[in-house]
Amino acid sequence: MKIFDSKAQSLIDFVPLTAGKVGIYVCGPTVQSAPHVGHLRSAVAFDIVARWLRIGHALDVNLVRNVTDIDDKILVNASELGRDWRELAVEVENEFNGVYDALWANVSKLPHATAHIPQMIVFIERLIERGHAYLASNGTSNVYFDTASHKTYGELTNQKLENMEGEEIGGGRRAAQDFALWKSAKPGEPETAIWDSPWGKGRPGWHIECSAMTLSELGEAFDIHGGGLDLRFPHHENELAQSSAAGYGFAKHWMHNGLVTVSGTKMSKSLGNGVSVEDLFAQANAVAIRYWLASAHYRSSLDYSAIVLADAVSAVGRVLNFVRRAAEIVEVSKTELPNEFVQAMNNDFNVPEALAVLHETVRAGNTALDSDDSASVAEALSKVTRMAEVLGIDLSGNEKVTSAETAELIEGLIAKRNQARADKDYALADLVRAELTAMGVTIEDQADKTVWMWSN
RNA sequence: GGUGGAGUGGCUGAGCGGCCCAAAGCAGCAGCCUGCAAAGCUGUAAAACCACGGGUUCAAAUCCCGUCUCCACCUCCA
C-alpha cells in the first residue's frame with residue numbers, strides 16, 4: 001500500500017504504527033458558515049481512504065474529524081447576526097453533518113474544540129515549561145509559540161523562517177512568525193467565549209485545538225494527519241511545531257487533498273466564488289455528487305462546472321442501471337475485488353483508475369445481460385457491488401420514496417400504454433409515454449415487461 | 001522574494017521509462033436491438049505529433065536542461 005506523504009514529498013510504503021490499527025486525524029470545518037464544495041471533497045477523499053484501509057486491508061480504522069467550534073470568525077459572524085455564537089456553531093455543524101451524511105462520508109469520532117479547553121491549557125503549559133512558548137510582553141494573557149526556539153519549524157512545508165512573510169509583530173509577541181496559543185479576552189466579547197487559564201481569561205488560538213485533540217483521541221503518535229492543501233501552512237505547520245515541541249511523535253504521515261477550483265481558480269470563502277451545497281444538490285443527486293468529488297485523484301485539483309456534474313450523473317446512472325437490471329435476475333454473492341482495482345487503490349488511492357475498472361466491469365456485466373449469461377451477470381454484479389462499497393457509491397441512492405398511490409398511477413399508465421402498443425395504437429402509446437416523462441418517470445421496455453424509474 | 005503543484009482528444013480525467021499507435025467516463029457518428037424511443041451492446045471520426053524547444057536512452061507523455069502559461073501556500077479557508 002503506497003501513500004504519498006506530503007511531508008516527505010514522496011510515496012511511502014504504509015505500515016501502521018500498531019499492527020492492525022490505523023489512527024487518522026482529518027481537519028474538519030470551523031463551523032462559522034455553511035459548508036461549500038471544498039469541504040465535501042475533503043470529506044469524501046478521506047472517507048475513501050478509511051474505507052479502503054478497512055475493506056482492502058482489514059485494518060481497524062479510527063477516523064477522527066474535529067469540529068472547531070470556537071474561533072474568531074464564529075464570534076464575528078454571530079455578532080453580526082445578533083445571535084449567540086454557540087447556537088450558530090451548533091446550527092452550522094448540523095448543516096455540515098447533514099451533508100456529510102447525505103454523501104456517505106461519516107467518521108468514527110467528531111471531537112469538539114470547546115470540549116477540550118482543559119486539555120489545551122495543559123498542552124500550552126507543557127510548551128511553556130519546555131521553553132517553546134511565552135507569555136506576551138504587553139501585559140495581556142496572550143501566549144505565543146516561540147518559533148525561534150523550535151529549530152525544525154517549517155519542516156512540513158519546507159520553508160525557512162527568514163523567508164516567511166509573517167504577520168506584523170504585535171500583541172506582545174517576539175517574532176512575526178510566532179503564533180497565538182492563547183488569546184486574551186477582549187472587551188465586548190461574550191462571557192460564554194471566555195475561559196479561565198493560568199495566564200488569565202481568554203480563549204485558545206487557532207492551531208492548539210488540533211494538537212490537543214489528536215492527543216486525547218489518538219495518543220502521542222498516530223498514523224496519518226489529513227486535510228485540505230490550503231491547511232498545510234500555517235495550520236498544519238503550526239500543529240506539527242506545537243506537538244513536536246511538546247515532545248510528541250504526532251503524525252507519522254501527512255496527506256493533503258487538492259482543492260476545488262472554479263474556472264481554474266481556487267474556490268474559497270474570501271473570493272466568494274464558492275458553490276453552495278444547495279447549488280450542488282439542485283443539479284445532481286448525492287451519489288452523482290459523490291462520484292464527481294471522487295472522479296479526480298485526491299491530490300489533483302478538481303474543477304467545478306455544471307457540465308462536469310452532469311457527466312457524473314450520466315456516469316453513475318450507467319452503473320446504477322446495470323445494478324438495477326442485474327439485480328432483477330441474479331443475487332449478489334461473495335467475490336474478490338478485481339485485481340486491477342486493488343492495484344489502483346493500493347497506489348495512493350488512485351480512484352480514477354479504480355473507476356475505470358468499475359466501468360469495465362459494468363460493461364462486461366451488460367454484455368452478459370444481453371447474452372443471458374447469468375453466471376457472468378452475477379459475477380459482475382457482485383464485483384460492482386464490492387467496488388461501490390469501497391468507493392462509497394450508494395447503489396440504492398437513486399431510489400426515491402414513492403407512495404403506493406403514485407406507484408399505482410404510474411403502473412396504470414404503463415398498462416394503458418402497453419395495451420395501446422398491443423393494439424398498435426402507437427400514437428396513444430407515445431402520448432402516454434410523454435405523460436410519464438412529464439411526471440419525471442423514465443420507462444424501459446424489456447423483453448417481457450416494462451419497468452420504470454424516476455428520471456435523474 | 002520563498003515553497004510546492006499543473007499543462008494529455010470536443011469535454012472530464014488516468015498513465016509518470018518499454019504492456020501507450022495513451023485507461024475510463026461524458027458528448028458525436030454508424031450499426032444491432034425497439035413500432036419509435038429509453039436502456040444496452042458493437043464499431044468509429046476528428047493529425048490525442050501527450051504546452052513549446054533541445055537533450056539522454058536501443059526505447060520518453062513518462063528522465064534531464066531551457067522557455068512559455070496557469071494554479072496554490074507564505075493572511076482566514078477543506
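Treat the numbers as computed from the prediction; the structure is a model and nothing was measured. Side-chain atoms are counted along with the backbone in the values below, which use heavy atoms only and exclude waters and symmetry mates. Letters A, B, ... are given to chains in the order of the sequence lines, protein chains preceding strands, and every chain is numbered from 1.
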Please write out the pairs of protein N or O atoms and N or O atoms of nucleotides 14-16 of chain B separated by less than 3.5 Å, giving the distance to one decimal.
| from | atom 1 | to | atom 2 | distance (Å) |
| --- | --- | --- | --- | --- |
| rA14(B) | OP1 | His297(A) | N | 2.6 |
| rA14(B) | OP1 | Ser300(A) | OG | 3.1 |
| rA14(B) | O3' | Asn350(A) | ND2 | 3.1 |
| rA14(B) | O2' | Glu353(A) | OE1 | 3.4 |
| rG15(B) | OP1 | Asn350(A) | ND2 | 2.8 |

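- Between rC74(B) and Lys160(A), no contact under 4.0 Å exists linking OP1 or OP2 to a side-chain N or O.
- In this structure, Gly228(A) reaches the sugar-phosphate backbone alone: every heavy-atom distance under 4.0 Å involves primed, P, OP1 or OP2 atoms, never a base.
- The separation between Gln159(A) atom CD and rG2(B) atom C1' is 7 Å, rounded to whole Å.
- Rounded to whole angstrom, the span from the CD atom of Glu360(A) across to the P atom of rG13(B) amounts to 19 Å.
- As rounded to whole Å, 11 Å separates atom P of rC76(B) from atom CZ of Phe179(A).
- Side-chain atoms of Lys73(A) come within donor-acceptor range of the base of rC76(B), with a qualifying N/O pair under 3.5 Å.
- More than 12 heavy atoms of other shown residues, nucleotides or ligands fall within 6.0 angstrom of atom CD in Gln446(A).
- Summarising the geometry, atom CD1 belonging to Ile414(A) is positioned 6.0 Å from atom CG belonging to Leu436(A); distances are rounded to the nearest 0.5 Å.
- In this view, Glu353(A) and Asn350(A) satisfy the side chain to side chain donor-acceptor pair (under 3.5 Å) rule, not counting sequence neighbours.
- As judged by a 4.0 angstrom heavy-atom cut-off over every strand, Thr261(A) is placed among residues making no nucleic acid contact.
- Look at Lys183(A) and Asp71(A) and you find no salt bridge, because none of the NZ, NE, NH1 or NH2 atoms lies under 4.0 Å from a carboxylate O.
- Among the heavy atoms of the strands, none lies under 4.0 Å from Gly154(A).
- In this structure, the CZ atom of Phe233(A) is 16 Å from the P atom of rG2(B), given to the nearest Å.
- The aromatic rings of Phe145(A) and Phe179(A) lie parallel to each other, with less than 30° between the two planes, well short of the 60° mark.
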Pair pattern of RNA chain B in dot-bracket, where unpaired bases get dots and | marks partners in another strand, Watson-Crick or G-U under 3.5 angstrom: ((((((((.[[[..)..(.....]]].(((((.......)))))......[[[[[..)....]]]]])))))))....
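- Residue Glu93(A) contributes atom CD, which lies 14 Å from atom P of rA78(B) at whole-angstrom precision.
- Of the residues listed (Val313(A), Leu103(A), Val44(A)), the one engaging Ile289(A) in a side chain to side chain contact (heavy atoms under 4.5 Å, CB included) is Leu103(A), and it is the only one.
- Both Val308(A) and Asp230(A) lie close to RNA chain B; mapped to their nearest nucleotides by heavy-atom distance, the more 5′-ward contact belongs to Val308(A).
- Atoms NE2 (His207(A)) and P (rA78(B)) sit 13 Å apart, rounded to a whole Å.
- For the residue pair Asn66(A)/Thr68(A), the side-chain donor-acceptor check at 3.5 Å is satisfied.
- rC26(B) atom P lies 8 Å from atom OH of Tyr291(A), rounded to whole Å.
- Atom CD1 of Ile307(A) and atom P of rC11(B) are 10 Å apart (whole Å).
- Among rC74(B), rA78(B), rG25(B), the nucleotide with an atom closest to any side-chain atom of His359(A) is rG25(B).
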Quick one: which protein N/O atoms are closer than 3.5 Å to N/O atoms of nucleotides 4-6 of chain B? Pair and distance per line, please.
| from | atom 1 | to | atom 2 | distance (Å) |
| --- | --- | --- | --- | --- |
| rG4(B) | OP1 | Asn158(A) | ND2 | 2.5 |

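- As judged by a 4.0 angstrom heavy-atom cut-off over every strand, Leu229(A) is placed among residues making no nucleic acid contact.
- Heavy atoms of Val260(A) sit under 4.0 angstrom from at least one base atom.
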Please enumerate all protein N or O atoms sitting under 3.5 Å from an N or O of nucleotides 27-29 of chain B, with distances to 0.1 Å.
none

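- Using a cut-off of 4.0 Å between Lys/Arg side-chain N and Asp/Glu carboxylate O, Lys7(A) and Glu155(A) are scored as salt-bridged.
- The nearest pair of heavy atoms linking Ser33(A) to Asn77(A) is CB-ND2, 4.4 Å.
- When the options Arg65(A), Arg290(A), Arg41(A) are evaluated for a salt bridge (charged side-chain N to carboxylate O under 4.0 Å, His left out) with Asp47(A), the one that passes is Arg290(A).
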5' to 3', nucleotides 32-46 of chain B under a 4.0 Å protein heavy-atom cut-off (B base, S sugar-phosphate only, - none) gives ---BBBBSSSS----
